[in-house]
Asks: 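Have a look at this one before I ask anything.
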Amino acid sequence: MPDRQIVVHEDAAKLAKEAADWIARCASQAIAERGRFLLALSGGSTPEQAYLDLASPRFEGKIAWTKVLIFFGDERFVPPNDARSNLGMATRTLLSRAPIPYGNVFPIATQTRTTDEAAEQYETAVARQFGLSDTSPPPALDLVLLGLGDDGHTASLFPGNPSLGIKRKWFAGSPPGVLPPPVDRITATLPMLNAAREILFLVGGGKKANILKSILESPDAATKYPAAMVNPSRGKVTWLLDKAAAALLTQR
Ligand code: 6PG
């Protein structure tokens, strides 16, 4: 059973501040131990404030950005300048503000014909950073940020989605789930997520309280909800929540 931790903060602002602190601490530790920090960003709206904080004067000189490699846990199959693009959101909130070398950012290219082509291209690009072939087992990223949809999805792994059954690929094309935006996606697969050293879920707001209780406290959660299937074999899972999202939890 992976090491699972639940941390609850007063409100969204404190959740974002703690998330930024958490990422900075992980970066320092990974760089001290292995010379670089391998981070996968999440999309959605929850992480935006944490990304802005990471790029703020509060962290000036505190993160060795030249030693940070930035990947993406998923992407919408839209151009980077589309308002729905996760790369676009990360660029607006972090990548255009922090002194991150251009060559340290590995976006999921979405100008391919199909999402499967995009996923294959991305897997090859990620493998290159590890000197691996894409037939190897997935590499261990130091920290993977994930969000939670109120249908229990995470990254772009949606309930009942064929990509949940993928055993060997690291990234895959994924049709839209039931929640907006209704666009095709590219997503890290469960083997890729479960190879991580640490998963950090950022979940805020009362809208997520019901699904969060199901995921963290229902015995059969891992048979239904993709977020509950994220169980890194050698890593730890931390759920960083605000009080509104954690309101229905009985176990802390
Ligand atoms: C995406 C994300 C997705 C997101 C959740 C939560 O591309 O949208 O990868 O998994 O994290 O849907 O989104 P919010 O943070 O906007 O609630």
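Counting from 1, the numbers follow the sequence of the chain as shown. For ligands, and for the atoms within them, numbers begin at 1 and follow the listed sequence. Bear in mind the structure is a predicted one, so any value in this text is a computation, not a measurement.
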Asks: Answer yes if the side chains of Asn161 and Ser163 hold a donor-acceptor pair under 3.5 Å, and no otherwise.
Replies: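 Yes, side-chain donor-acceptor contact under 3.5 Å.
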Asks: Run through Ile70, Asn104, Val68, Leu69 and flag the one making a side-chain contact (heavy atoms from CB on, under 4.5 Å) with Phe37.
Replies: Val68
Asks: Who clusters with Leu179? Use side-chain heavy atoms, under 4.5 angstrom, across I, L, V, M, F, W and Y, and order the result by chain and number.
Replies: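 Answer for Leu179: Val178.
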Asks: Do Arg34 and Phe130 meet the cation-pi criteria used here (NZ or CZ under 6.0 Å from the six-membered ring centre, within 45° of the axis)?
Replies: no
Asks: For the residue pair Phe71 and Phe106, categorise the inter-ring angle as parallel (less than 30°), tilted (30 to 60°) or perpendicular (more than 60°).
Replies: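 Ring orientation, 0 to 90° scale: parallel.
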Asks: Please produce the table of protein N or O atoms sitting under 3.5 Å from N or O atoms belonging to ligand 1, one pair a line, distance to 0.1 Å.
Replies:
{"from": "ligand 1", "atom 1": "7 (O)", "to": "Asp74", "atom 2": "OD2", "distance (Å)": "2.9"}
{"from": "ligand 1", "atom 1": "7 (O)", "to": "Arg76", "atom 2": "NE", "distance (Å)": "3.0"}
{"from": "ligand 1", "atom 1": "7 (O)", "to": "Asn86", "atom 2": "ND2", "distance (Å)": "3.0"}
{"from": "ligand 1", "atom 1": "8 (O)", "to": "Arg76", "atom 2": "NH2", "distance (Å)": "2.7"}
{"from": "ligand 1", "atom 1": "9 (O)", "to": "Asp74", "atom 2": "OD1", "distance (Å)": "2.9"}
{"from": "ligand 1", "atom 1": "9 (O)", "to": "Asp74", "atom 2": "OD2", "distance (Å)": "2.8"}
{"from": "ligand 1", "atom 1": "9 (O)", "to": "Ala155", "atom 2": "O", "distance (Å)": "3.4"}
{"from": "ligand 1", "atom 1": "10 (O)", "to": "His153", "atom 2": "NE2", "distance (Å)": "3.4"}
{"from": "ligand 1", "atom 1": "10 (O)", "to": "Ala155", "atom 2": "N", "distance (Å)": "3.3"}
{"from": "ligand 1", "atom 1": "10 (O)", "to": "Ala155", "atom 2": "O", "distance (Å)": "2.7"}
{"from": "ligand 1", "atom 1": "12 (O)", "to": "His153", "atom 2": "NE2", "distance (Å)": "2.8"}
{"from": "ligand 1", "atom 1": "15 (O)", "to": "Ser45", "atom 2": "N", "distance (Å)": "3.2"}
{"from": "ligand 1", "atom 1": "15 (O)", "to": "Thr46", "atom 2": "N", "distance (Å)": "2.9"}
{"from": "ligand 1", "atom 1": "15 (O)", "to": "Thr46", "atom 2": "OG1", "distance (Å)": "2.6"}
{"from": "ligand 1", "atom 1": "16 (O)", "to": "Ser45", "atom 2": "N", "distance (Å)": "2.8"}
{"from": "ligand 1", "atom 1": "16 (O)", "to": "Ser45", "atom 2": "OG", "distance (Å)": "2.7"}
{"from": "ligand 1", "atom 1": "17 (O)", "to": "Lys208", "atom 2": "NZ", "distance (Å)": "2.7"}

Asks: Side-chain donor-acceptor pair under 3.5 Å between Glu217 and Thr250, yes or no?
Replies: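 Checked: Glu217/Thr250 side chains pair up, N/O donor to acceptor below 3.5 Å.
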